[in-house]
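In what follows, chains are A, B, ... by sequence order, proteins preceding strands, each numbered from 1.
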Amino acid sequence: MRILSSDLKDHIGKTVHIEGWLHKKRLLGGLTFINVRDRRGLIQVVIQDKDEVEKLRGLQIGTVLTVDGKVVDEPRAPGGAELHDAKLEVLVPVTDEPPIEIDKPLSHKPDNLDTLFEYRGLGLRNLQEQKVFKIRASLLRNIREYLTEHDFVEIQTPKLLAGATEGGAEVFKLDYFGQEATLAQSPQLYKQMLVGAFERVFEIAPAFRAEPSATTRHMSEVMMLDIEMGFIRDHGEVLDLVGDMTISVLKKVYKEHAHDLKSLNAPELVVADKVPKIPVAEIHELYTKATGNDTTAEKDLTPDEERWICDYAKKKFGSELVYATDFPIEAMKFYHRVNPDDPKTVLWGDLLFRGLEIATVPMRENHHDQLVKQMKQAGMDVNHPGYKYFLQAMKYGLPPHGGCGYGVDRLVEKTIGLGNVKEATLFPRDINRLAP
RNA sequence: GGGCUCGUAGUGAAGAGGCCUAUCACGCCUCCCUGUCACGGAGGAGAUCGCCGGUUCGAAUCCGGUCGGGCCCGCCA
């Protein structure tokens, strides 16, 4: 039976069987140390028998092997135990020298990101690199748990669509049996339809954007967390749900992965009980006053303002999370809800974390006739198959609702303190990269 | 789409007109080494300096083009 690296200490004195990859060799003459990597970590094996050492001659790191040996309590060994009297069996010999050093993390310097992704499959064999994606998995698991506890149903909606969904981002077009189809840039209209059935839904799925953006925060395929909840009285309820969820998930992940986050040089987490909310107009004023760059005429926040307001919120409110709220009506999308108390603004907040927008959290217009009016004002065809079924759901009763589009990759990036959203993605897609 | 930058062994870097027959580290190969864990020591292989053209007595180095990256802005969320 195979024993995993993490369980080695439970078998001291016994002969066990391990399986994994050759991760590191250190030949000291009559004594050889090798590290074998499995899914949990590393096991040190000590080999004295010359015939056993010879089995590894000419074989490179990455060779798949099994080792039978006696577990010895050894304070000098990493992890406090190691294997002696080893008998090796090579399952998959690797003779070609790997193009990168598995035991050494690849550079994450911007200039070297191309190499990082060129050898992604191999680079992920590095234990340090793996931590990024274990933390990502943990963030997602905690998000799912939080939303499930709050009575949300996880849904999956189609990514092949008959038309544009939001009318915002550029869409990828493709041939669908002779008909033109698009790749979903968001599950927006579907999740709203499903509020009519489940009240509370969420989806974690890719979204595709054909924008020619070449920045550290954009990709053409992104992982979106979409949440939508019905029967909310005011915008603050959605803002708080998404904000509270983020605080709770970050706290748990920072606790669970304290050691890994530290080794990745992640910043200390600074969050308050609630995410502070600041209206966009006020941010423009504060920023203009502080920097002298006049942004008061901007409809959205500039990237520099996003960074600035996050610093401000951290100092003033002790929170690395902050909401920019009350976006001006010039920036609104057709399905947004205009603020009834201030028709110049939209019930829409953006969640910012460590200088970057990670989620957009608006209320939706849920009255059929008003929505049709907004669509016609935007010059949209209400009979288009991409909108017809959405309007159908709206016509037969959707409660007041709101939700968010939340960038999972950006959350992972900022949680760890990486410099580029692509570093938080296993196989990123951008304007230059379609493989691996 | 606009601007700015960078391409040197497998990987990461140095060299910025002649000192380059291109330097260093890691990796790789051979040998030595019984407690390594960034093992150590001795030796070795590996680069027509992204590509094309130009300037010059002379180009990795300067100029133009081209291809491939990166960063910022815009677009976008």
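Base pairing annotation: B:G43 forms a Watson-Crick or G-U wobble pair with B:C29, both donor-acceptor distances under 3.5 Å. B:G1: Watson-Crick or G-U partner is B:C73, with both key distances under 3.5 Å. Remark: B:A60 base-pairs with no nucleotide in the shown strands. Criterion, Watson-Crick or G-U wobble with two distances under 3.5 Å. In this structure, B:U55 forms no base pair with any nucleotide, since neither Watson-Crick nor G-U wobble geometry is met with both distances under 3.5 Å.
The residue A:H84 sits close to a base: some heavy atom pair falls under 4.0 Å. Nucleic acid contact for A:I61: none, since no nucleic acid atom lies under 4.0 Å from a heavy atom of the residue. Within 4.0 Å (heavy atoms only), A:T216 reaches sugar-phosphate atoms of the nucleic acid but no base atom. Backbone-only engagement by A:N432 is indicated by non-hydrogen atom pairs under 4.0 Å involving sugar-phosphate atoms exclusively. Within the nucleic acid shown, A:A359 has no heavy atom closer than 4.0 Å to any nucleic acid atom. A:E74 comes within 4.0 angstrom of a nucleotide base, judged by non-hydrogen atoms across all strands. If you check every strand for non-hydrogen atoms under 4.0 Å, A:E118 touches nothing. As judged by a 4.0 angstrom heavy-atom cut-off over every strand, A:P110 is placed among residues touching the sugar-phosphate backbone only. Residue contacts for A:A77: at a heavy-atom cut-off of 4.0 Å it reaches a base atom on one of the strands shown. Backbone-only contact: A:R57 has heavy atoms under 4.0 Å from sugar-phosphate atoms and none from a base. Residue contacts shown for A:P98 are absent, as no nucleic acid heavy atom lies under 4.0 Å away. Looking at heavy-atom distances under 4.0 Å, A:T115 makes contact with sugar-phosphate atoms alone, never a base.
Under 4.0 Å is where a charged nitrogen must lie from a carboxylate oxygen, and between A:E330 and A:K299 no such pair does. Contact check on A:E89 versus A:K55 returns no salt bridge, with no Lys/Arg side-chain nitrogen under 4.0 Å from an Asp/Glu carboxylate oxygen. The pair A:D409-A:R136 counts as a salt bridge, with a side-chain nitrogen and a carboxylate oxygen less than 4.0 angstrom apart. Taking 4.0 Å as the cut-off between side-chain N and carboxylate O, A:R307 and A:D304 count as a salt-bridged pair.
Distances shown here put every side-chain N or O of A:N112 at or beyond 4.0 Å from the OP1 or OP2 atom of B:C6. Regarding contacts with the backbone of B:A13, a side-chain N or O of A:K109 is found under 4.0 angstrom from either OP1 or OP2. Distances shown here put a side-chain N or O of A:N420 below 4.0 Å from the OP1 or OP2 atom of B:C71. Within the 4.0 Å cut-off from OP1 or OP2 of B:C37, not a single side-chain nitrogen or oxygen of A:R26 is found. Residue A:K25 places no side-chain N or O under 4.0 Å from the OP1 or OP2 atom of B:C39. For B:G70, neither phosphate oxygen OP1 nor OP2 lies less than 4.0 angstrom from any side-chain nitrogen or oxygen of A:R433. For B:A38, neither phosphate oxygen OP1 nor OP2 lies less than 4.0 angstrom from any side-chain nitrogen or oxygen of A:Q128.
Comparing B:U36, B:G10, B:C73 by their nearest atom to the side chain of A:Q44 picks out B:U36. For A:P78, whose side chain is taken as the heavy atoms from C-beta onward, the closest listed nucleotide among B:G27, B:G70, B:C37 is B:C37. For A:K24, counting side-chain heavy atoms from C-beta on, the closest listed nucleotide (B:G27, B:G10, B:G35) is B:G27. The nucleotide whose nearest atom lies closest to any side-chain atom of A:K104 is, among B:C73, B:C26, B:G10, B:C26. Nearest to the side chain of A:I100, among B:U11, B:G74, B:C37, sits B:U11.
Close placement of the A:Y387 and A:H384 rings is indicated, their centers lying within 6.0 Å of each other.
Under the 3.5 Å distance criterion, the side-chain polar atoms of A:T288 are matched with a main-chain donor or acceptor of A:T295. No donor-acceptor pair closer than 3.5 Å links the side chain of A:T63 to the backbone N or O of A:L59.
Defined by atom type and a distance below 3.5 Å, a donor-acceptor pair is missing between the side-chain atoms of A:T296 and A:Y287.
Between the side chain of A:E211 and the base of B:G74, no donor-acceptor pair of N or O atoms lies under 3.5 Å. A donor-acceptor contact under 3.5 Å is formed by the side chain of A:S213 with the base of B:C75.
Heavy-atom nearest nucleotides on RNA chain B were determined for A:L106 and for A:N35, and the one closer to the 5' end corresponds to A:L106. Nearest-nucleotide positions on RNA chain B place A:L27 closer to the 5' end than the other of A:L27 and A:D300.
For the P atoms, the distance from B:A22 to B:U48 is 12 Å, rounded to whole Å. Rounded to a whole angstrom, the distance from the C1' atom of B:G64 to that of B:U56 is 16 Å.
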